[in-house]
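Atoms within each ligand, like the ligands themselves, are counted from 1 in listed order.
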Amino acid sequence: MQLQVLNSPFNQEQAELLNRILPTLTESQKVWLSGFLAAAQFSSISGSGNAEVSEQPGGITAPVISKDVTILFGSQSGNAQGLAKKAGKKLEAAGFQVTVLSMSDFKPNNLKKVENLLIVASTHGEGTPPDNAISFHEFLHGKRAPKLDHLRFSVLALGDSSYEFFCQTGKDFDARLEELGGTRLYPRFDCDLDYDEPASEWLAGVLSNLKEADAGSQVPVQELVSQAVESTYSRSNPFKAEVLENINLNGRGSNKETHHLELSLEGSGLTFEPGDSLGIYPENDPALVTSLLEEMNWDPEQQVTVNKKGEILPLKEALTTHFEITTLTKPLIEKAARLTANENLQELLSPGNEEKLKTYLDGRDLLDLVRDFTPWVGSAQEFVSILRKMPSRLYSISSSLAANPDEVHLTIGAVRYEAHGRKRNGVCSIQTAERLQPGDTVPVYIQHNENFKLPNNPEAPIIMVGPGTGAAPFRSFMQEREEIGAEGKSWLFFGDQHFVTDFLYQTEWQKWLKDGVLSKLDVAFSRDTAEKVYVQHRMLENSKELFEWLEEGAHLYICGDEKHMAHDVHNTLIDIIEKEGGLSREKAEEYVADLQQQKRYQRDVY
Ligand SMILES: Cc1cc2nc3c(=O)[nH]c(=O)nc-3n(C[C@H](O)[C@H](O)[C@H](O)COP(=O)(O)OP(=O)(O)OC[C@H]3O[C@@H](n4cnc5c(N)ncnc54)[C@H](O)[C@@H]3O)c2cc1C
Ligand SMILES: NC(=O)c1ccc[n+]([C@@H]2O[C@H](COP(=O)([O-])OP(=O)(O)OC[C@H]3O[C@@H](n4cnc5c(N)ncnc54)[C@H](OP(=O)(O)O)[C@@H]3O)[C@@H](O)[C@H]2O)c1
Ligand SMILES: Cc1cc2nc3c(=O)[nH]c(=O)nc-3n(C[C@H](O)[C@H](O)[C@H](O)COP(=O)(O)O)c2cc1C
C-alpha cells in the first residue's frame with residue numbers, strides 16, 4: 001500500500017518531505033521508525049520511570065501499549081454484534097486502539113497477548129452459546145485454556161429473562177475468565193431484551209475504569225453515553241412502515257396460517273441485505289388488555305408513567321403498546337409478590353420450589369397471574385412499573401431491496417395454542433394475521449445479520465435448507481441472485497405439512513427453477529404420506545451430490561425452527577459428510593466446524 005500524508009497536523013513543507021521519504025522506506029525501516037517515535041513520545045509523557053518496555057524489531061525499545069482493547073462478540077441474530085461495534089467506536093473516540101472481532105474469527109492462542117478484553121455475548125438454545133461463540137467457549141473451558149493473570153476483562157451478557165438459563169453464556173465467560181486468573185475491569189451486566197440502557201451504562205463503567213488506568217483520554221464519559229443515541233431510524237427509534245399487502249399463503253383447509261406481509265420503507269432511508277431481519281414492535285391483543293383492565297377494575301383512561309424518562313400514557317394505551325403482558329418471568333414474579341397480600345406467590349418463590357415456579361411460568365400470562373394471586377394491594381402505576389417493555393419480534397426478510405426498492409417483505413407464521421384452559425395468541429404473528437390491514441403502520445427497524453449472508457463470490461454454489469417460514473431468507477437470496485445475474489448453482493430443500501395447501505411461494509420457486517436461477521429443488525411434505533418425510537430425509541437421499549457440492553465450495557444455510565429441525569438437519573449433515581467423505585464421526589464434525597469457521601455453514605434459527 002502507498003503511504004501518503006494527506007490530512008495531517010503537518011504543514012505543507014513537512015507533508016511534502018514526509019511524502020518524499022515514505023515511499024523510499026523498506027518494511028524494517030518503517031517498523032524501526034514507528035518504534036522510535038513511540039519511544040520518543042513515551043519518554044516525553046512519562047519520562048523513563050518504571051514503565052514496562054518491550055524490544056521492537058530493529059533493536060529499538062518502545063513502551064508496551066496499554067490502550068489496546070479487544071472486543072469479542074458472540075451473536076446469533078446481530079444484537080451483541082451491533083453493541084460490540086458500537087462499543088468499539090466509542091472506545092476509539094476516547095483514544096483507545098480497539099479490535100472488534102467475532103469470537104469465531106479470533107485465534108484463541110492470541111488471548112495470552114490481550115491485556116484488556118471486553119466480551120459481548122448473547123445466549124441461545126437452552127442456555128448455549130451462539131454459533132460463532134461455540135469454538136471459543138469450548139477452548140476457554142477446555143484443558144488448553146491458558147493462564148490469564150495479565151488479563152483485565154468485562155462481560156456484557158445479552159439474554160431474555162423468560163428463559164431458564166438467563167444470560168448463561170455471558171455468565172460462563174465471566175466465571176471462566178476469572179477462574180483463569182483474569183481481573184474484572186468492571187462487573188458483568190446481564191441484559192434482558194430491552195438492553196439499550198444497561199448496555200450504555202456498562203460501557204460507561206468500562207470506559208471510566210479503562211480511563212482510570214489510562215489518564216490520557218479526553219472524552220467525557222457522559223458525552224460518550226449520550227452518543228449511543230442514534231440519529232436515524234433504529235431499534236430505539238423505529239420507523240412507522242405502511243402495510244402494502246397482507247396475504248395468507250396457505251390454502252383453504254391448511255392447519256397453518258403463514259402471512260406474506262409487504263411493508264413500505266419509503267422515506268425511511270433504511271437499507272438491508274439478504275439475510276438481514278426486520279424487527280417489529282407489535283401491539284397486544286385489545287381483548288386481552290380489556291380482560292386485564294376488567295379483572296383489576298382499573299380505569300382504562302388513568303394516566304401512568306411508563307418509563308424512566310417520565311413519559312405518560314393512558315393505562316389502556318400503555319398496556320396495549322408499551323408493556324409485555326403475555327410472558328411471565330421469575331424477576332416479574334419476585335416484584336409482583338410485593339404487590340399482593342396472597343402469600344402463595346411468595347411461597348412459589350421460596351427455595352425448593354424452583355420446579356413448581358418453572359411449571360407455573362410456562363404458558364401463563366399476566367391475566368393468569370392477576371386471577372391466581374388475589375387480593376392485589378398495588379396500584380395500577382405500581383403494577384405497570386414492574387412490567388418489561390414490549391420486546392420487538394424479529395423476522396427474516398424475504399425480499400431483496402434490489403428487486404423491490406423501498407419495500408420489505410416478511411413471511412410470518414401464526415402462533416396459536418391452548419394452555420391452562422385458555423386459547424393463546426402470539427402477539428405479533430396474530431396482530432399480523434388478524435388485525436393488520438393495508439394502510440396501517442407498524443414500528444420497524446432493520447437488524448443487520450453478518451452471520452447469514454450470501455457468498456461474496458456470486459459463482460459460489462449455495463444449498464438452502466428452509467422448511468416452513470424458514471424459506472423466507474431464501475426467497476430474498478433468489479431475488480437478489482436473479483437481480484445481479486449470479487452464476488452460482490443453488491439448491492433449495494423446502495418442507496411443510498401438505499403439498500396442496502402449504503407449498504409457500506410455490507410458483508416463485510418453480511419459475512426460478514425454470515429460469516435457472518434455482519438449480520435444484522427438493523421438497524418434503526410431512527403429512528402427505530403415512531410416514532413423515534422431512535427436509536433432512538431429502539438431503540440423505542441426495543447425500544452423494546450434496547457432499548460433492550460442499551467439496552466444490554458450496555455454502556450451506558439453515559433457517560427455521562431451532563428446537564428440533566435445525567438440530568436434526570445439523571446431525572444429518574454430519575451423517576452425510578461421514579458417509580460420503582469416508583470420515584470418522586469426529587473428523588466429520590471437524591469438517592462441519594471448519595465450514596462454520598469459513599462462514600460456509602450459517603444458520604438463522606429461532
Ligand atoms: C432471527 C429471527 C428470525 C425470525 N424469523 C421469523 C420468520 O421469518 N417468520 C416467523 O414466522 N418467525 C420468525 N421468527 C420468530 C418471531 O420472531 C416470533 O418469535 C414469532 O413470530 C412469535 O412471535 P409472536 O409475537 O407471534 O408470539 P409470542 O407472543 O412471542 O409468543 C411466542 C411464545 O409463545 C410460547 N408458545 C408458543 N407455542 C406454544 C405452545 N404450543 N405451548 C406453550 N407455549 C407456547 C413460546 O414461549 C413462544 O416463545 C424469527 C425469530 C428470530 C429470532
Ligand atoms: N422461538 C420462537 O419464538 C418461535 C416462534 C414461532 C415459531 N417458532 C418455531 O419456528 C418454527 C417455524 O414454524 P413454521 O410454521 O414455519 O414451520 P414448522 O412448524 O417448522 O414446520 C415446517 C415443516 O417442518 C417439519 N418438521 C417438524 N419437525 C421437524 C424436524 N425435526 N426436522 C425437520 N422438519 C421438521 C414440519 O412437519 P410436521 O409439522 O408434520 O411435524 C413441517 O413439515 C415452528 O416449528 C416453531 O417451533 C419459534
Ligand atoms: C432460539 C432462541 C433461544 C434463546 N435462548 C436463550 C436462553 O437460553 N437464555 C437467554 O438468556 N436468552 C436466550 N435467548 C434470547 C437472546 O439471547 C436475546 O434475544 C439476545 O438479545 C440475542 O442476541 P444476538 O442477536 O446477539 O444473538 C434466545 C433467543 C432465541 C431466538
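- Counting only N and O atoms by type, the side chains of K330 and S161 include no donor and acceptor under 3.5 Å apart.
- Taking distance alone, with nitrogen or oxygen atoms compared against 3.5 Å, D604 stays at or beyond that limit from ligand 1.
- In terms of protein heavy-atom proximity, atom 50 (C) of ligand 1 is nearest to L394 O, 3.1 Å.
- When heavy-atom distances to ligand 1 are checked against a 4.0 Å cut-off, C428 comes that close through both its backbone and its side chain.
- Against a heavy-atom cut-off of under 4.0 Å, V427 is close to the following atoms of ligand 1: 24 (P), 25 (O), 26 (O), 27 (O), 28 (P), 29 (O).
- Using the six-membered ring where Trp is involved, F494 and F503 have ring planes that are parallel, under 30° apart on the 30 and 60° scheme.
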Can you list every pair where an N/O of ligand 3 is under 3.5 Å from an N/O on the protein?
| unit_1 | atom_1 | unit_2 | atom_2 | d |
| --- | --- | --- | --- | --- |
| ligand 3 | 5 (N) | G125 | O | 2.9 |
| ligand 3 | 8 (O) | G125 | O | 3.3 |
| ligand 3 | 8 (O) | G127 | N | 2.8 |
| ligand 3 | 9 (N) | F165 | O | 2.9 |
| ligand 3 | 11 (O) | D160 | N | 3.1 |
| ligand 3 | 11 (O) | C167 | N | 2.8 |
| ligand 3 | 12 (N) | D160 | N | 3.2 |
| ligand 3 | 14 (N) | T123 | O | 3.2 |
| ligand 3 | 17 (O) | T123 | N | 3.4 |
| ligand 3 | 17 (O) | T123 | O | 2.6 |
| ligand 3 | 21 (O) | N79 | ND2 | 2.9 |
| ligand 3 | 25 (O) | S77 | N | 3.2 |
| ligand 3 | 25 (O) | S77 | OG | 2.6 |
| ligand 3 | 25 (O) | G78 | N | 3.0 |
| ligand 3 | 25 (O) | N79 | N | 2.8 |
| ligand 3 | 26 (O) | S75 | OG | 2.6 |
| ligand 3 | 26 (O) | N79 | N | 3.2 |
| ligand 3 | 26 (O) | A80 | N | 2.7 |
| ligand 3 | 27 (O) | Q76 | N | 2.8 |
| ligand 3 | 27 (O) | S77 | N | 3.2 |
| ligand 3 | 27 (O) | S122 | OG | 2.8 |
| ligand 3 | 27 (O) | H124 | NE2 | 2.8 |

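- Heavy-atom contacts from other residues, nucleotides or ligands closer than 6.0 Å to NZ of K240 number 12 or fewer.
- The proximity of Y395 to ligand 1, defined as any non-hydrogen pair under 4.0 Å, involves the side chain as well as the backbone.
- The shortest N or O to N or O distance between G363 and ligand 1 is not under 3.5 Å.
- In this structure a side-chain-to-backbone donor-acceptor pair under 3.5 Å is present from N250 to T258.
- Of the N or O atoms in R393, one or more lie within a sub-3.5 Å distance of an N or O in ligand 1.
- By the 4.5 Å heavy-atom criterion applied to side chains, S162 and R388 are counted as neighbours.
- A donor-acceptor pair shorter than 3.5 Å can be found between the side chains of N255 and Q497.
- The contact shell of ligand 2, taken as protein residues with any non-hydrogen atom closer than 4.0 angstrom, comprises K256, V415, P467, G468, T469, G495, D496, Q497, S526, R527, K532, Y534, Q536, D561, H564, M565, D568, Y606.
- Distances from atom 9 (N) of ligand 1 to the heavy atoms of N79, I412, T411 put T411 nearest.
- With no hydrogens or angles considered, no side-chain donor-acceptor pair links H555 and Y601 at under 3.5 Å.
- One distance of note links CG of N79 with OH of Y195; it measures 3.5 Å at 0.5 Å rounding.
- Contact annotation for T258 and ligand 1: no heavy atom of the residue comes within less than 4.0 Å of the ligand.
- In terms of polar-atom proximity, defined here as any N/O pair under 3.5 Å, Y417 does make such a contact with ligand 1.
- Looking only at heavy atoms of the protein, atom 53 (C) of ligand 1 is closest to Y606 CB, 3.8 Å.
- With no hydrogens or angles considered, a side-chain donor-acceptor pair links Y445 and S392 at under 3.5 Å.
- Side-chain contact of T70 with T99: a donor-acceptor pair under 3.5 Å is absent, judged by distance alone.
- Here the straight-line distance linking atom CZ of F452 with atom CG of D604 works out to 5.0 Å at 0.5 Å rounding.
- For the pair G413 and ligand 1, the shortest N or O to N or O distance falls below 3.5 Å.
- For a threshold of 3.5 Å applied to N or O pairs, the pair formed by S396 and ligand 1 contains at least one separation below that value.
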